Amino acid sequence: MLITPNRSNLNKIVVLNPKGGCGKTTLVTNIASRIAADDSTPAIMDFDPQGSTMRWLEKRPADRPPIYGIAAYKQSMGATRSWQLRVPHETTTLLVDSPAGVAHNDLCNLTRDATSILVPVLPSAIDIHAAARCIADLLLIAKVDRRDGKLGVIANRTRRNTKSYASLMRFLDSLGIPVVGVLRDSQNFVRGAEEGLGVCELPARRTTQDVEQIEKITSWLQNWRNRGRNVDLDRQIRSAANVTELYQQQR
């Protein structure tokens, strides 16, 4: 069980999509590296059995701002689970890299006390289908309230001026959930992953567009205390019905 410290200043960000390969780890590592640059030591809690986030941290150069890693996918015989998942007291941002194939009970557990939930979606019919089910589960099973303004979507690995991109953006617009960022299908993210860096830490000559989107996402996340105050309730109700109907059609 994920036990979140009872701190009023802790921004718990859950990156979630039960479908594998949608870019959760890429999103987590790039957000963490950007937040770390602000002299704040974020923590990443890696629940993915592949341990990709922890391998990224192992590659991270020692001269870069520190990021605390918690290998939540490991079971330690020498320590209690609560001790294994402890979050440093100085940490004010916790990023949860969730695994693929999250069960309903785990979904509720992972999102409990979350201040922000990000759902990355790829521009393909299969991924749009999976995202519809994920968002419906968040609303209907995990009881995430849209009025809290904590739920956001990331369009990931996109190529503008393509039919798949247009289909993805139409789908996201129908949800009534903010599209927090649109990340390109860029080799900059691949290069950063190989070097233990985020795109914000790479040479700026070719990363301007990618950095702009990571900055936009991070700004939305860091404004977590003020979200949910200006929500269009009528649109939220209509879009909730749209998601539920789409979910039922695709089951």
Side-chain angles (χ1 to χ4, degrees), residues 2-17 22-48 50-74 82-99 109-120 149-152 154 156 180-181 183 188-189 191-202 207 210-227:
L2 172 56
I3 302 174
T4 305
N6 185 19
R7 299 187 206 154
S8 60
N9 68 334
L10 182 65
N11 185 8
K12 175 186 171 183
I13 303 163
V14 178
V15 179
L16 178 73
N17 188 331
C22 62
K24 294 187 291 290
T25 296
T26 297
L27 187 57
V28 166
T29 54
N30 277 276
I31 292 170
S33 62
R34 175 61 189 86
I35 292 174
D38 291 334
D39 294 326
S40 171
T41 304
I44 297 178
M45 192 173 284
D46 189 359
F47 278 91
D48 190 343
Q50 295 182 4
S52 300
T53 302
M54 301 305 296
R55 286 198 299 275
W56 178 83
L57 285 172
E58 290 173 358
K59 296 177 182 178
R60 188 163 176 77
D63 62 345
R64 297 294 177 169
I67 299 170
Y68 189 82
I70 303 169
Y73 59 88
K74 292 183 178 180
S82 59
W83 174 258
Q84 183 187 359
L85 300 183
R86 70 194 184 282
V87 177
H89 183 74
E90 65 273 15
T91 291
T92 57
T93 302
L94 171 65
L95 290 128
V96 178
D97 188 358
S98 64
N109 186 35
L110 282 170
T111 57
R112 185 182 298 115
D113 299 327
T115 54
S116 309
I117 303 171
L118 292 179
V119 180
K150 66 173 63 175
L151 182 59
I154 305 294
N156 198 18
V180 181
L183 301 181
N188 290 328
F189 293 105
R191 179 184 170 189
E194 292 173 346
E195 299 180 15
L197 302 172
V199 292
C200 295
E201 298 173 305
L202 296 176
T207 61
D210 303 319
V211 170
E212 286 177 353
Q213 290 300 312
I214 294 298
E215 293 278 3
K216 179 181 177 183
I217 294 167
T218 303
S219 177
W220 185 84
L221 292 169
Q222 292 178 327
N223 193 41
W224 61 278
R225 296 180 186 274
N226 298 320
R227 282 191 253 118

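Positions are given from 1 along the sequence. Computed from a predicted structure; not experimentally measured.
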> About how many Å separate CG of D210 and CG of N30, when rounded to the nearest 0.5 Å?
8.5 Å
> Quick one: does L183's side chain get under 4.5 Å of I217's, heavy atoms only?
yes
> A36 and P65: which non-hydrogen atoms are nearest, and at how many Å?
O-CB, 3.4 Å
> Using 0.5 Å steps for rounding, measure from the CG atom of L94 to the CD1 atom of I70.
6.0 Å
> If you apply the rule side chain to side chain contact (heavy atoms under 4.5 Å, CB included), what do you find for K150 with T111, and how did you get there?
CA-CA 10 Å; K150 66 173 63 175; T111 57; over 6 Å; no
> Compute whether any side-chain donor of one residue and acceptor of the other, for S33 and R64, lie under 3.5 angstrom apart.
no
> Quick one, L118 with I31, criterion side chain to side chain contact (heavy atoms under 4.5 Å, CB included). Give me CA distance, side-chain angles, the key distance, then yes/no.
CA-CA 11 Å; L118 292 179; I31 292 170; 3.8 Å; yes
> Measure the shortest side-chain to side-chain distance between C22 and N156 over non-hydrogen atoms and say whether it is less than 4.5 angstrom.
no
> Which atom pair, heavy atoms only, marks the closest approach of V87 to A43?
CG1-CB, 4.5 Å
> Answer yes or no: is there a side-chain heavy-atom contact under 4.5 Å between V180 and K216?
no
> Would you tell me whether T115 and N11 have side-chain atoms, one donor and one acceptor, within less than 3.5 Å of each other?
yes
> Side chain to side chain contact (heavy atoms under 4.5 Å, CB included) for I214 and V199? Distances and angles first, verdict last.
CA-CA 8 Å; I214 294 298; V199 292; 3.8 Å; yes
> Can E201 and R60 be said to form a salt bridge (charged side-chain N to carboxylate O under 4.0 Å, His left out), step by step?
CA-CA 11 Å; E201 298 173 305; R60 188 163 176 77; 2.7 Å; yes
> To the nearest 0.5 Å, what is the distance between CD1 (I13) and CD1 (I44)?
10.5 Å
> Can you confirm whether I67 sits close enough to W56 that some side-chain heavy atom of one is under 4.5 Å from a side-chain heavy atom of the other?
yes
> Would you check if V96 and L110 make a side-chain contact, meaning some heavy-atom pair closer than 4.5 Å?
yes
> Taking the side chain as every heavy atom from C-beta outward, state whether E90 and Y68 have any atom pair closer than 4.5 Å.
no
> Which distance, rounded to the nearest 0.5 Å, do you find between the CD of E215 and the CZ of R34?
4.0 Å
> Quick one, I154 with V119, criterion side chain to side chain contact (heavy atoms under 4.5 Å, CB included). Give me CA distance, side-chain angles, the key distance, then yes/no.
CA-CA 6 Å; I154 305 294; V119 180; over 6 Å; no
> Going by distance alone, is a donor N or O of one side chain under 3.5 Å from an acceptor N or O of the other, for R112 and N109?
yes
> Looking only at heavy atoms, which two atoms of A71 and Q84 are closest? And how far apart?
O-NE2, 3.2 Å
> Does any non-hydrogen side-chain atom of V14 lie less than 4.5 Å from one of F47?
no
> Within the distance-only criterion (no hydrogens, no angle test), does the side chain of E194 pair as donor or acceptor with the backbone N or O of K59 below 3.5 angstrom?
no
> Less than 4.5 Å apart, side chain to side chain, heavy atoms only: is that true for T29 and T53?
yes
> Testing the basics here: between W220 and G149, what is the closest heavy-atom pair and its distance to 0.1 Å?
CZ2-O, 3.7 Å
> Looking only at non-hydrogen atoms, find the nearest pair between P66 and T41 and report the distance.
O-CG2, 3.8 Å
> To the nearest 0.5 Å, what is the distance between CG (L27) and CD (Q213)?
11.5 Å
> About how many Å separate CG of D38 and CD of Q222, when rounded to the nearest 0.5 Å?
5.5 Å
> Ignoring hydrogens and geometry, is there a side-chain-to-backbone donor-acceptor pair from D46 to D48 under 3.5 Å?
yes
> Of all the heavy-atom pairs spanning A32 and P42, show the shortest one and how long it is.
O-CG, 3.5 Å
> Can you tell me if CD on Q50 sees more than 12 non-hydrogen neighbours from other groups inside 6.0 Å?
no
> Does K24 use its side chain to pair, donor to acceptor, with the backbone of N17 at less than 3.5 Å?
yes
> When you compare the side chains of T25 and D97, does any donor N or O come within less than 3.5 Å of an acceptor on the partner?
yes
> Would you check, one step at a time, whether the test salt bridge (charged side-chain N to carboxylate O under 4.0 Å, His left out) holds for E195 with R191?
CA-CA 6 Å; E195 299 180 15; R191 179 184 170 189; 3.4 Å; yes
